[in-house]
Engineer: 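Below you'll find the structure I mean.
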Amino acid sequence: MKGYESLHSFYSPLRISTRPISRRRCFQGPRHTRPFSSSTRAAIAAPEIQFDGDASGRASLLQRARIVPASPSYFTAKPEFTDSLLNLQALLRKYEALPVLAPGHAPRVAWKTHAQFMLTSTEPVRVARYSRILKVLHRLNYIHPSLMPEEVAEAMQVYKRDVNPYDKVKQPVIIDQSGRARGLGRRKTSSAVAWVVEGDGEVMVNGKSLSQAFGRIHDRESAIWPLKVTDRVDRYNIWALVKGGGTTGQAEAMTLAVANGLMVHEPDLKPTLRRAGCVTRDARMVERKKHGKLKARKMPAWVKR
Amino acid sequence: MIIRQFTLRQGRCVIRRNAARQWKRCLASPADSIHQSLQNQLQETRAIESEVNQYSIHHVQTIDAETHAPVETDSIAEDFQELLRQQKVTGSLGTEVAKHYQPHTLISNPPRPSDVTLELLLASQAHLGHNTSLWNPANARYIFGVHDGIHIISLDVTAAYLRRAAKVVSAVAERGGLILFVGTRNGQDRCVVRAAGLAGGCHLFERWTPGSITNGLQILGKCRLKVVNEFDEEIPGFDSQLADRPPLKPDLVVCLNPLENYIMLHECGLNNIPTIGIIDTDANPTWVTYPIPANDDSLRCVQVIAGVLGRAGQEGQAARREAAARNHITYAPAENLKAPQRDTRSKENGDVHADALDAEARQVSRHT
């Protein structure tokens, strides 16, 4: 019976309201008939008495259980995101005084884009909100690498892409055992691969001779222009595979491919080839057609009303 | 030196060099010649440079190698450690600085309700209202007078209302209520988060999503809840039951900028949730249940008020835990919760109580 009485007292509002708290006299706020609960706010009758409390008079677990938000950011509707933003900001405040690298000298890091971040997150986060996280990350990335704290490195790792493209180092092209140098070139929608070998001036394009592959003389000249401009037409053989696009595109894709192969054999020719326009990829592509026009820019004929 | 340069440009060697270049040009292909001319130019420039450098003074002696020797440091990390060491050694030297306002202390160590004095409020500019033409006449009873065209808020009223609000926060925290701190203006985020952390409540420092209370199922439906015992330790095993429950509503809302949060205050009014707000002379005091007449445009004043209310919540939480340690539960338990089911293996053993109960009993025995 002792247990019953003590349990009853836990749940009677009387016990709580008559507790001898000295400041209660001066506080005349709204008088609630029952204590607060984080669940529904409708008034209900006194709960049933539970008899399964333990022998010492403690109420059972369910009578001591309270439901609370898992995160203090509950009402932001994005608790996980807000918590991680606050964590990063707290880290930054903690390590703000550490020495930093010179502006523009931070290690290049590919952070997750907003779309990539959204794949891992279950909450709807806007781009502007995500950029606030990125801003903190950029600043943390400037901490000097020799003093970078472990926890900062771990926190940043979450937002890094799995593969950092800036870690990639371009492999130098070499001449293989057979003396071939491989070059790749593109123009418009064509792409060409050329193997350049020392020889006596033979050219094969897709298994055909140069004159069979390209009907126009101008295209034939374009295809071996790097050799012509450096006066090495009779010193190298070329075996090329060309695909995509039209004849002009294919011929000019070959220009780049042959130049790249030739530069492997003779790196000193690069300035000459650049002046001849054989090094830079021509980035121009077909301009899209627009509505209200006949082609990309052509206007329909003007008719008087 | 001048004579030497003169010779280089005008003398016999000029003619000789030109002759050599013409001789090579006969043999070279066009591409070769371009390349060659570039090389030649570079060589020429270098030759002239080296000629000139021969006659210039190469080395300047340091004044004194020992006294002006550069500090031997290997790395940034060592420099930084040295800096920290020096700061530690020399930091206590010099004059004693008199007590002064340090902005960060309002966040790191906010004032308690017992620290609220008129001096503190005056120093934090709580008395400055708005231009007299912007006033809301409902605030007449909080206004002390007019100075320089702006209303001056009566600080004794501010202090009294702040203490009353602190008691409300403390009492709600003591009864296990959920307190939400809202401050959505720029710069208010840190004090809002800090106050919520102290009071064991929630914070909101960005836009209030309209409907978070009135349409909570849609907006907060996916946010995780947890079940805790009287010492705020999580009790596992209730996840399936929590998924079906309606989202939580705050039991008290503290709003630091009521002017921008009318929708939230309105939702609170619809749901009978009491609100505390900083009411400047241009705000409507009927929007909130417990107004605190003060300057809501001063960050310092807002930090003082948020800090006091956060400390009040901290006291309330401490009182609740203390009562719990004395076997006295000050809050109503969550309704309609069932004891979590055990897995099949433990059912075979014939044990009636759930895993969670066992774990929880162990935790409590640690406390007592």
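In what follows, every heavy atom counts, from backbone to side chain, and hydrogens, waters and symmetry copies are set aside. Proteins come first, then strands; the chains are lettered A, B, ... in the order of their sequence lines, and each starts at number 1.
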Engineer: Closer than 3.5 angstrom, by distance alone: can the side chain of Ser121(A) be matched with the main-chain N or O of Phe117(A) as a donor-acceptor pair?
Structural biologist: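 Checking the backbone N and O of Phe117(A) against the side chain of Ser121(A), no donor-acceptor pair under 3.5 Å is found.
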Engineer: Side chain, backbone, both or neither: which part of Ala77(B) has a heavy atom under 4.5 Å from chain A?
Structural biologist: both
Engineer: Hey, does the side chain of Arg194(B) reach the backbone of Ile107(B) with a donor-acceptor pair shorter than 3.5 angstrom?
Structural biologist: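 Present.
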Engineer: Spell out, as yes or no, whether a donor-acceptor pair under 3.5 Å connects the side chain of Glu230(B) to the backbone of Arg64(A).
Structural biologist: no
Engineer: Distance from Arg274(A) atom CZ to Thr280(A) atom OG1, nearest 0.5 Å?
Structural biologist: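 Rounded to the nearest 0.5 Å, the CZ-OG1 separation comes to 4.5 Å.
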Engineer: Which one of Asn336(B), Leu180(B), Thr209(B) has the most heavy-atom pairs closer than 4.5 Å to chain A?
Structural biologist: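 Max contact count across the listed options: Leu180(B).
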Engineer: Given that the side chain runs from C-beta out, which part of Asp232(B) has a heavy atom under 4.5 Å from chain A: side chain, backbone, both or neither?
Structural biologist: side chain
Engineer: Check whether any side-chain N or O of Thr275(B) sits under 3.5 Å from a backbone N or O of Thr289(B) as a donor-acceptor pair, and report yes or no.
Structural biologist: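 Side chain of Thr275(B) to backbone of Thr289(B): a pair is present.
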Engineer: So which part of Val228(B) gets closer than 4.5 Å to some heavy atom of chain A, the side chain, the backbone, both or neither?
Structural biologist: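 Interface part for Val228(B): both.
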Engineer: Enter the distance from Glu123(A):CD to Thr76(A):OG1 here, rounded to the nearest 0.5 Å.
Structural biologist: 7.5 Å
Engineer: Shorter than 4.5 Å, heavy atoms on both sides: which option in Ala70(A), Ser71(A), Ser146(A) has the most such pairs with chain B?
Structural biologist: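 Top count of heavy-atom pairs under 4.5 Å with chain B: Ala70(A).
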Engineer: Given that the side chain runs from C-beta out, which part of Thr82(A) has a heavy atom under 4.5 Å from chain B: side chain, backbone, both or neither?
Structural biologist: side chain
Engineer: What part of Leu83(B) is in contact with chain A, defined as an atom under 4.5 angstrom from a non-hydrogen atom: side chain, backbone, both or neither?
Structural biologist: neither
Engineer: Against chain B, label Leu273(A) side chain, backbone, both or neither, depending on which of its atoms sit under 4.5 Å from a heavy atom there.
Structural biologist: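 Contact with chain B is absent: no heavy atom of Leu273(A) under 4.5 Å.
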Engineer: Between Arg207(B), Lys222(B), Arg224(B), His203(B), which shows the greatest number of heavy-atom pairs under 4.5 Å with chain A?
Structural biologist: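 The option with the most such pairs is His203(B).
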Engineer: Just by distance, do the side chain of Asp231(A) and the backbone of Leu227(A) share a donor-acceptor pair under 3.5 Å?
Structural biologist: no
Engineer: A cation-pi test, strictly: NZ or CZ of Arg164(B) under 6.0 Å from the centre of the six-membered ring of Tyr290(B) and no more than 45 degrees from its axis. Yes or no?
Structural biologist: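 No - Arg164(B) does not lie over the ring of Tyr290(B) by the 6.0 Å and 45° rule.
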Engineer: Answer with side chain, backbone, both or neither: which region of Ala97(A) has an atom nearer than 4.5 Å to a non-hydrogen atom of chain B?
Structural biologist: backbone
Engineer: Answer with side chain, backbone, both or neither: which region of Arg190(B) has an atom nearer than 4.5 Å to a non-hydrogen atom of chain A?
Structural biologist: side chain
